[in-house]
Amino acid sequence: MTRYNAAITEPKWQEAWAAAESFTARTPNKDTSKPKYFALEMFPYPSGRIHMGHVRNYAMGDVVARYKRACGFEVLHPMGWDAFGMPAENAAIEQGGHPKAWTYDNIAAMREPLKRLGFALDWSREFATCDTAYYKQQQAIFLAFMKKGLVYRKTAKVNWDPVDMTVLANEQVIDGKGWRSGAQVETRELDQWFFKITHYADDLYYALDGLTRWSEKVRTMQKNWIGRSEGAQFKFAFAGAAPEGFDGVEVYTTRPDTLFGASFVALAYDHPLIKSLMADNTQLQELAKTCVAMGSTEEAIEKAQKRGVDTGLRVAHPFDDTLSLPVYAANFVLMGYGTGAVFGCPAHDQRDLDFARKYKLGVTPVVLPEGEDAANYTVEAQAYTGPGVLYNSQFLDGLGTKEGIALSIAKLEDLGVGQKTVSYRLRDWGVSRQRYWGCPIPIIHCGACGAVPVPTKDLPVELPDDVSFDKPGNPLEHHPSWKNATCPACKKPARRETDTLDTFADSSWYFARFAGGNTDDKPFDNKQASHWLPVDQYIGGVEHAVLHLLYARFFTRGLRDCGLLDLPSGEPFDGLFTQGMVTHASYKTKDGKWVMPADVDEKDGGFFEISSGEELVRGPVEKMSKSKKNVVDPADIIEGYGADVARWFVLSDSPPARDVEWTQSGAVGAWRFVGKVWALVSETNAKDFSADLGPMTQAKDASGAALELRRSVHKAVANVTQGIDQFRFNTSVAQIYELVAALKKYEIFDAAKAEGLGALTRMIAPFMPHLAEECWAHLGGEGFVTDAPWPVADPKLLVEDDVVMPIQINGKKRAEISVPKSMGKDELEQQSLAHPRIKDYVADLTIRKIIIVPGRIINIVAN
RNA sequence: GCGGGUGUGGCGGAAUUGGUAGACGCGCGGGAUUCAAAAUCCCGUUUCCCUAGGAAGUGUCGGUUCGAUUCCGACCACCCGUACCA
């Protein structure tokens, strides 16, 4: 028996697979009878290092890809790089150098360990989104979308750092201050490009029901994000003199039934009406100032204290003009949602209630919850948002919530002041970024012709290499000549668009490029892309559950409608699995500098930086990220133990959907297991091992211990297969452990053992492919185990004749009996009551009832 | 704040989805082998009372049920997202 040496074995098989082009997905043609299978994991951002999250993500995808290959599919399993983004620019600012060099160096550095992990990837399709060839096609898509009416321009808010004179990402705003300058960040309006994702809002919403291979939770998150609601949009007329230029206030509500409970109308600080009043109202100016300083994230706005300013204006109640409501400007109303104005019904909306209490506005309940009586019902600190019966509501009195909504909308329509409206929380996708390292937006701004698309023949609009990062702001803006252009329409001097596209655009169609080839005259070959798409199994982190997946769903619809992709459903991902994240404790110094775990030593209950000896503060356990430096380098594991160990380890123990906290212990256990499997297989003399490694029938006449072994083997095959099918790789791993133990105990080399070893080898292949190949070769298997068919369990061997049944008394287990599975209820009852321990128990009790579930449980109810 | 999720031994987790809680692995303890060590193998390992055996126990509190880790309600803690991190 030779010791297993991963350092030699693993590269050997990787070279053999590469030489055989084992994982090159063939372009489908007529004589390929195999069904297609597109397995894809979210491609990595080239941060410079592979981390455990990557290993986990790609190991899972690899299990699926290899398993599906074994099941007879032609599998496409590609890899590439999500290569545009801020970190490259930050690196250039902090350490000098160029984002392009930084990115391609990182890609080179990450490709090696990724290859070293032995994933069944088709590397021939590799690309990076920052490749000119890729972003050229993205520009073509932008122009196609524009032609289709899916692109437009409007003003939108950005975080503005007044010291650095630059736009900041939300991540770069810390406690309302710029991360470098420390200056109070302001909200600014800029002209920006938008993708009209709301055009597909309804379809994006309803099509979720058809995505049955997505988890319920992701579908719910997306539904809530899109936030489709039915309600009423109507206009409040002014009571008294109307301000100049306005004839009312348009509001949207999902609860028009509560209109008689309205006690105020609130408008966003940047609503046109408020803006018009701003000039001579210092209170409004103050409010606007705090709103501007609050930043633009939803979280900050929602968490802020509710504040408002009474404008002094009043509007009339649409159903009863003897009633009028005050008009406020309020910090919790957003111009971007609905009409930028709402009416407040404090009794039935918590936010409105908080606001009303603060400004001493009336709280009139109009919905009576079941079981309350109208005379005594009051709303105190808690608004009532549930259904009930309307009262205090004139013509709506006595109606239920649903009927009340319908009737109030009908009335608004009758009065000619409003109508039923469908509204969405989803906003159009702002794609302009004032940054260098992204796909240039192919537009030329001309004083005479406006925003003119760059003609297709002039694509790509290439990023200039000669840029500097020595001052804040967009390097494209600072470049001496790049933005000078000629208007394609009138040929006069014009200015090139200096905004680049949101990097989410890059990841919204890369899968189509993987499938459709590196074409230069179009984004991808439609025929090939349409053949492979949709992705059969997509795997990635939960953190992408809403944005990335929604944007990709938008892109495929747009590509379809532009005639670039034959994908009738418009859905890019048929199956989706969101894995949990690899987390790790984070550490920082007293002055807030993050420290890598590798540089942390734990002693005497405290944490210390090894290099400086300084005591550290332990931060939260959270998503491994570069900024927090709480990353663990898998290269150490690969080098010390091998790729199979790293792969096996990340798939063991934790269920794939759950977060895992990385710990060092356990890698050793995986390493031991590799040795154990190799010992088990290698002690078999291949010459004695004459069994066929294919179908699982060669030991069909086994009896006694051999039959028992066969039962274990076939049970293991069934369970491992089920584990993979259900994305519960940890249970497959546990089952493989048990199988190895069973095979080890059985010390005879016969057909039953041969069958078991053959099944074991094929089943570990998706998890530890190098070890599996080595075992396969030793056992005398033909070709690669990678090409061998998946073992199939014989159902006859999965059914047990006898079954152990627990006997409970009042729900507590007191005894168990082993009985034939077929035993009927009557006999089971007799046998249970005859059991000596049960007899003792029930001796001085009265039996009330006996519940018998054959094959499961016997429960005697007695007192 | 809002939306979504998670919570089971010392640790990672399992439980046929309402039917024996703790499979499997790690760690730990004991033993075998060894001149010794590494490696390997065997046994034990939820807690408490400990004697056959018993009692408690799946974040907390309550409910439904013959029976709840599983279903329902309230709460607590942590994680993800919150539209310019990817």
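So that the names make sense, note that chain A is the first sequence line, chain B the second, and so on, each numbered from 1.
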Check every strand shown and say whether A/Val546 touches a base, only sugar-phosphate, or nothing at a heavy-atom separation below 4.0 Å.
-> nothing
Where the side chain of A/Tyr337 is defined as all heavy atoms beyond and including C-beta, which of B/rA83, B/rU20, B/rG12 is the nearest nucleotide?
-> B/rA83
Which nucleotide in the list B/rC85, B/rG19, B/rA83 gets nearest to the side chain of A/Arg856?
-> B/rG19
With sugar-phosphate meaning primed atoms plus P, OP1 and OP2, does A/Trp429 contact a base, only sugar-phosphate, or nothing at under 4.0 Å between heavy atoms?
-> nothing
Counting any heavy atom closer than 4.0 Å, what does A/His548 reach on the DNA or RNA strands: base, sugar-phosphate only, or nothing?
-> nothing
Would you find a donor on one side and an acceptor on the other, under 3.5 Å apart, between the side chain of A/Glu186 and the backbone of A/Trp160?
-> no
Where the side chain of A/Glu543 is concerned, which of B/rC66, B/rA21, B/rA86 is the nearest nucleotide?
-> B/rA86
With respect to the side chain of A/Lys217, which nucleotide from B/rC85, B/rA86, B/rG4 is positioned closest?
-> B/rG4
Does atom NZ of A/Lys358 have more than 12 heavy-atom neighbours from other groups under 6.0 Å away?
-> yes
Ignoring backbone atoms, establish whether A/Asn730 has a side-chain N or O less than 4.0 Å from OP1 or OP2 of B/rG25.
-> no
Remember a base hit wins even if backbone is also touched, and classify A/Gly430 as base, sugar-phosphate or nothing at under 4.0 Å, heavy atoms.
-> sugar-phosphate
Measure from the side-chain heavy atoms of A/Arg425 and tell me the nearest of B/rA83, B/rC66, B/rA86.
-> B/rA83
Looking only at side-chain atoms of A/Glu738, point me to the closest of B/rC24, B/rA86, B/rG19.
-> B/rC24
From the list B/rG67, B/rG12, B/rA83, which nucleotide is the closest neighbour of the side chain of A/Asn859?
-> B/rG67
Working for side chain to side chain contact (heavy atoms under 4.5 Å, CB included), residues A/Gln434 and A/Thr498 | CA-CA 7 Å; A/Gln434 296 70 38; A/Thr498 54; over 6 Å; no
Base, sugar-phosphate, or nothing for A/Arg672, non-hydrogen atoms under 4.0 angstrom?
-> sugar-phosphate
NA contact type, A/Val173, heavy-atom cut-off 4.0 Å: base, sugar-phosphate, or nothing?
-> nothing
When all nucleic acid strands are considered with a 4.0 Å heavy-atom cut-off, which category describes A/Pro44: base, sugar-phosphate, or nothing?
-> nothing
Which part of the nucleic acid does A/Ser507 contact within heavy-atom distance under 4.0 Å: base, sugar-phosphate only, or nothing?
-> nothing
Closest to the 5' end of RNA chain B, once A/Lys306 and A/Tyr45 are matched to their nearest nucleotides, is A/Lys306
So what does A/Gln172 hit on the nucleic acid, given a heavy-atom distance under 4.0 Å: a base, only sugar-phosphate, or nothing?
-> nothing
Charged N to carboxylate O under 4.0 angstrom, A/Asp354 versus A/Lys306?
-> no
Could you check whether A/Ile301 gets within reach of a base, just the sugar-phosphate, or nothing at all, counting any heavy atom under 4.0 Å?
-> nothing
Check RNA chain B for consecutive Watson-Crick or G-U pairs with both distances under 3.5 Å and list the runs of at least three as stems.
-> B:1-7 with B:76-82, B:10-12 with B:24-26, B:27-32 with B:40-45, B:46-49 with B:53-56, B:59-63 with B:71-75
Between A/Glu94 and A/Ala91, is there a donor-acceptor pair closer than 3.5 Å when you use the side chain of the first and the backbone of the second?
-> no
Six-ring centre of A/Trp214, A/Arg219 cation under 6.0 angstrom, axis tolerance 45° | no
Check every atom of B/rC24, B/rU20, B/rA14 against the side chain of A/Tyr737 and return the nucleotide holding the closest atom.
-> B/rC24
Is the shortest side-chain N to carboxylate O distance from A/Arg425 to A/Glu298 below 4.0 Å?
-> yes
Side-chain donor or acceptor of A/Arg228 paired with backbone N/O of A/Tyr205 under 3.5 Å = no
Candidate nucleotides B/rA83, B/rG13, B/rU20, ranked by approach to the side chain of A/Glu298 - the nearest | B/rA83
When all nucleic acid strands are considered with a 4.0 Å heavy-atom cut-off, which category describes A/Val158: base, sugar-phosphate, or nothing?
-> base
Closest-nucleotide 5' rank along RNA chain B - winner of A/Glu302 and A/Arg837 = A/Glu302
Of B/rC85, B/rG13, B/rG4, the nucleotide closest to the side chain of A/Arg658 is B/rG13
Have a look at A/Gln579 and say if it touches a base, only the backbone sugar-phosphate, or nothing, with a 4.0 Å heavy-atom cut-off.
-> nothing
Contact class for A/Thr297 vs. all strands (heavy atom < 4.0 Å): base, sugar-phosphate, or nothing?
-> sugar-phosphate
So what does A/Lys744 hit on the nucleic acid, given a heavy-atom distance under 4.0 Å: a base, only sugar-phosphate, or nothing?
-> sugar-phosphate
